[in-house]
Each structure stands twice: as structure tokens, then as C-alpha cells.
Amino acid sequence: MSLYILPKERLPGFVDNLRAGFRVVGPVRTETGYAFDAIHSADELALDYPTTILPPKKYLLPQRETLFAFHTGTDEQGARQIDVQPAFEDVQPTVILGVHTCDMHGIMLYDKVFTEGYRDEHYVARREQTYIVGIECLRPCDDASFCKDMGTLTAPPVYDLHMTAVDGMYLIDTGTEKGERLLLSNVEVHLATTEDIRRLSQTLSAKWPHFRHRLKMTKDQIPSLMTINYGSNIWDTLGERCLACGSCTNVCPTCFCFDVQDEVELNMSDGRRSRIWDSCQLHEFALVAGGHNFRGSKASRVRHRMMRKGKYIQQVHSITGCTGCGRCQRACLVDITIPGTLNALYDEMQIDLNPAATGA
């Protein structure tokens, strides 16, 4: 892949050309902050945004989607029949502009979750029609961010194009062949020179001091920390504060739990099966037949979420379960934070965090 130069004054033309053949979404300013939304004009695009309320995952895993429609009836002999037709709603060529590196790490996790083992065709259909255009973060979003701690401050290999603002231009790294074709067919660019590459290197090196560490341990120590502190009293303290509202999971770029609902029309013959975002922080999430709840207390649900972010996802998919974006901290009404929880667990214990020593 190659590195290209796009003068900033050509960006509006690039966006307009993309809109002719794609749904283009990107960060826009709203009354309550920034959000990924459809771009109708290049003037709406806010590439210098701090962060968005929701991650761009909503374009790959919608908040509600129909999986299939069904019809029941009888044949000529009176035998019961059912016809099932898969539904692929809102699958269209889409360019997501201005994705931060932390959110790209979330997309990398989704790519593994929904394609390895059981292949989720609904996710795959959208993913194959989606172009990821990243933007390099040169400043922290705000004090809630801890992407440097989680190792998500550099772009993972999921982008088609990745942009870095340097003076009056964007240096664009092409991550895939389809991304390079997208760029070259929609805007005039030229290859970066040796001097351009040197300036890019200087820009990337200069950004690191602006990002501070918030954790008292390294990300590689977190799984061991979670294992050792599974029985900590801190979970009870957090459970007393938690409102069980689910805001933290709704805004998370790595949460992918959903509920499945069947909806039947009044004729009792037609219906659909849909999935909607769900939250492990809700009381009903682990409720099963007979009224038993595997995680009936808020303390157990808070612990489960933290264990998924700090250990479980890492164990299964070898990718961090938390990107350090800080959205859950901004959304939480009672100030329960991942850095605060991890640091409290760290302070509570006086034991070696070597993963090999604990078997984590």
C-alpha cells in the first residue's frame, strides 16, 4: 500500500464525490455533542471532534434489525407449513469517515467475534459494504480517555484509508486495495515524498507526550488483576452505587450483546424475528425460566462487565475488551469508571501481577 498527499482544500470535493456513489457518514456536531451521522455536505464533517456519543458500530450492528420474516400456513392436505425469508435491512455501500483509532480497535474485535466460528451473515453483509476511513488522534479527546493505557492509540489493520493532518494537508495511508481505489477514483492526490514521510513521522512522534497514563498497571497485567480480585469487596461497593441503567454498555464500542424478539402480526400468520442491543447491566439480562437470575445483584453485574472488559474478551479473542475511549465514564450517572475500578483493585492488593504466576 502507498502513502498519498491530499491538500485540505480538496477534502470537500472528495466528500462530495463519495456521496455520489455511497452513503457517507462521519462525525457531526449536534446539540448534545458529536455523533456519527449521514453527511449531506462536507461542511457538516467535523474531523477535529473530541469523541462521539455512540461509536460507529451502529452502522455495522444496528440497534434494532430484522433477521428474518416468517409466514405460517397450511398446505392442501392441511399440514402446517412455515416459510422463512432472511432479511438484510439497510445494507448499502457506506463510507465511514473520521474513525478514531480506539473505535477501529472495536471494529477489529467485531470482525473476529462475528466471522470466526459462527459466521454472522448480517454483520458480514454490512462489513463487506463498508469502507473505514480513519483519522489519527493527535490530542486526547478529554480527561476520560485512557487509550494510551489500552494500546489503542495506533491504528489497527482494519482501515481502508487512514488520514493524518499535517499542516495544510492530510497524509493518507492506504490500508487495502479497495481503499486505494476509493481514494484515487474520487479525488486528485499525489504520492508522498521522502520529506512528507519525515514530517509524518515527526507528527506521530510528537503526539505521544500529550496523552497521559491513567492506570497504575499495564494492560497486560489487567487479566491477572481481575482474576485475583474476583472476590473483592469493591464489587459490592460499586453495586450499591450502580443504577443498572445500561448506559455504559450502550455507548461501548466493544459490547455486542443483544436480545432476540419474535413479533407476530394480528393475523397470527406473519411475523419477524429481530435482534436489539441488550445490556448485561439490566436485571432481566440473566433471568431464565423459573425466575432464577444468574446475576441477580447489581454487584455481580458490575463485576461481570468489568471481567469481560479486562479478562474474558482478551482470553477468547486475544484482543483487549476495552479500547480506553472513555465513553462509559461520560455516560455513567454515578461516576463508575474502568480506570477508577482497576486502580482501586490494584491498590487493594499486594501480590505479583505476572500473568504466568496466576495462570490468567
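- By the 4.0 Å N-to-carboxylate-O rule, Arg64 lies close enough to Glu263 to be salt-bridged with it.
- Ion pair Asp259/Arg275 not flagged as a salt bridge, since none of the NZ, NE, NH1 or NH2 atoms sits closer than 4.0 Å to an Asp/Glu carboxylate oxygen.
- At least one donor-acceptor pair under 3.5 Å links the side chain of Lys148 to the backbone N or O of Trp208.
- Residues Asn293 and Val288 are not in side-chain contact: their nearest non-hydrogen atoms beyond the backbone lie 4.5 Å or more apart.
- A salt bridge is defined here as a Lys NZ or Arg NE, NH1 or NH2 lying under 4.0 Å from an Asp or Glu carboxylate O, and Asp149 with Lys219 fails to meet this definition.
- Note: Tyr110 and Phe256 have perpendicular aromatic rings, judged against thresholds of 30 and 60 degrees for the angle between ring planes.
- Using a 4.5 Å heavy-atom threshold, the side chains of His190 and Leu6 count as separate.
- Taking the ring centre of Tyr230 as origin, the terminal cationic atom of Arg303 falls inside the region bounded by 6.0 Å and 45° from the ring axis.
- To the nearest 0.5 Å, the span separating CE on Met169 from CE on Met163 amounts to 12.5 Å.
- A donor-acceptor pair is defined here as one N or O able to donate and one able to accept, closer than 3.5 Å; no such pair exists between the side chain of His105 and the backbone of Gly321.
- In this structure a side-chain-to-backbone donor-acceptor pair under 3.5 Å is present from Lys298 to Cys242.
- Thr249 is linked by a side chain to side chain contact (heavy atoms under 4.5 Å, CB included) to Cys255, Ser279, Cys280, Gln281, Arg305, counting only residues two or more places apart in sequence or in another chain.
- The number of heavy-atom neighbours closer than 6.0 Å to CD of Glu188, taken from other residues, nucleotides and ligands shown, is 12 or below.
- Between His283 and Phe285, a ring centre-to-centre spacing not shorter than 6.0 Å is recorded.
- Ile319 is listed as a side-chain neighbour of Met108, based on a closest heavy-atom distance under 4.5 Å.
- Note: the hydrophobic cluster containing Val133 also contains Leu184 (ILVMFWY, side chain heavy atoms under 4.5 Å, direct or indirect links).
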When you look at Tyr49 and His100, which way does the ring-ring contact (aromatic ring centres under 6.0 Å, His included) test go after all the steps?
CA-CA 10 Å; Tyr49 71 108; His100 283 174; 4.1 Å; yes
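- Looking at every heavy atom in both residues, Tyr34 comes nearest to Thr51 through CB-O, 3.4 Å.
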Evaluate Thr66 against Arg273 for side chain to side chain contact (heavy atoms under 4.5 Å, CB included), listing each step before the verdict.
CA-CA 6 Å; Thr66 300; Arg273 174 166 291 180; over 6 Å; no
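- Cluster membership for Leu183 and Phe22, using ILVMFWY side-chain heavy atoms within less than 4.5 angstrom, is shared.
- Of the inter-residue distances, the one linking Asp37 atom CG with Leu45 atom CG reads 11.5 Å to the nearest 0.5 angstrom.
- Residues Asn229 and Ile234 form no side-chain contact, since every pair of their non-hydrogen atoms from C-beta on lies 4.5 Å or further apart.
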Arg29/Glu44 under salt bridge (charged side-chain N to carboxylate O under 4.0 Å, His left out): CA gap, chis, key distance, verdict:
CA-CA 8 Å; Arg29 189 177 184 88; Glu44 299 174 346; over 6 Å; no
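- Within a 6.0 Å radius of CZ in Arg241, other residues, nucleotides and ligands contribute more than 12 heavy atoms.
- By the criterion of side-chain heavy atoms lying less than 4.5 angstrom apart, applied directly or through intervening Ile, Leu, Val, Met, Phe, Trp or Tyr residues, Tyr123 is grouped together with Ile96 in one hydrophobic cluster.
- Salt bridge status for Glu136 with Lys207: present, with a side-chain N to carboxylate O gap under 4.0 Å.
- Between Asp143 and Arg214 there is no salt bridge, since no side-chain N of the basic residue sits under 4.0 Å from a carboxylate O of the acidic one.
- Counting heavy atoms from C-beta outward, Leu182 and Asp160 have side chains that stay 4.5 Å or more apart.
- Of the possible polar contacts, one joining the Thr337 side chain to the Gly340 backbone as a donor-acceptor pair under 3.5 Å is found.
- Side-chain contact annotation: Gln221 with Tyr346, donor-acceptor N/O pair under 3.5 Å absent.
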For salt bridge (charged side-chain N to carboxylate O under 4.0 Å, His left out), just list the numbers for Lys216 and Asp347, CA-CA rounded to whole Å, side-chain angles, deciding distance to a tenth of an Å, and then say yes or no.
CA-CA 9 Å; Lys216 298 180 179 181; Asp347 290 340; 2.8 Å; yes
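- With Ser201 contributing its side chain and Ile197 its backbone, the two residues share no donor-acceptor pair below 3.5 Å.
- Of the possible polar contacts, none joining the Asp103 side chain to the Pro55 backbone as a donor-acceptor pair under 3.5 Å is found.
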Kindly indicate, with the supporting measurements, whether the criterion ring-ring contact (aromatic ring centres under 6.0 Å, His included) is fulfilled by Tyr59 and Phe36.
CA-CA 9 Å; Tyr59 292 101; Phe36 280 98; 7.2 Å; no
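- A donor-acceptor pair under 3.5 Å links the side-chain atoms of Thr101 to the main chain of Thr152, judged by distance alone.
- A distance-only check finds no donor-acceptor pair linking the side chain of His122 to the backbone of Glu65 [under 3.5 Å].
- Legend: residues meeting side chain to side chain donor-acceptor pair (under 3.5 Å) with Gln314, ordered by chain and number and at least two apart, are absent.
- Residues Leu243 and Val334 have side chains in contact (heavy-atom distance under 4.5 Å, counting atoms from C-beta outward).
- With a 4.5 Å cut-off on side-chain heavy atoms, Tyr131 and Thr94 do not count as touching.
- The side-chain heavy atoms of Tyr159 and Thr176, taken from C-beta on, include no pair separated by under 4.5 Å.
- Figure legend: cation-pi geometry between Lys8 and Tyr170, with NZ or CZ positioned under 6.0 Å from the six-membered ring centre and within 45° of its axis.
- Residues Leu215 and Met349 fall within the same hydrophobic cluster, defined by Ile, Leu, Val, Met, Phe, Trp and Tyr side chains chained together at heavy-atom separations under 4.5 Å.
- With sequence neighbours excluded, the residues that form a side chain to side chain donor-acceptor pair (under 3.5 Å) with Glu121 are Arg119.
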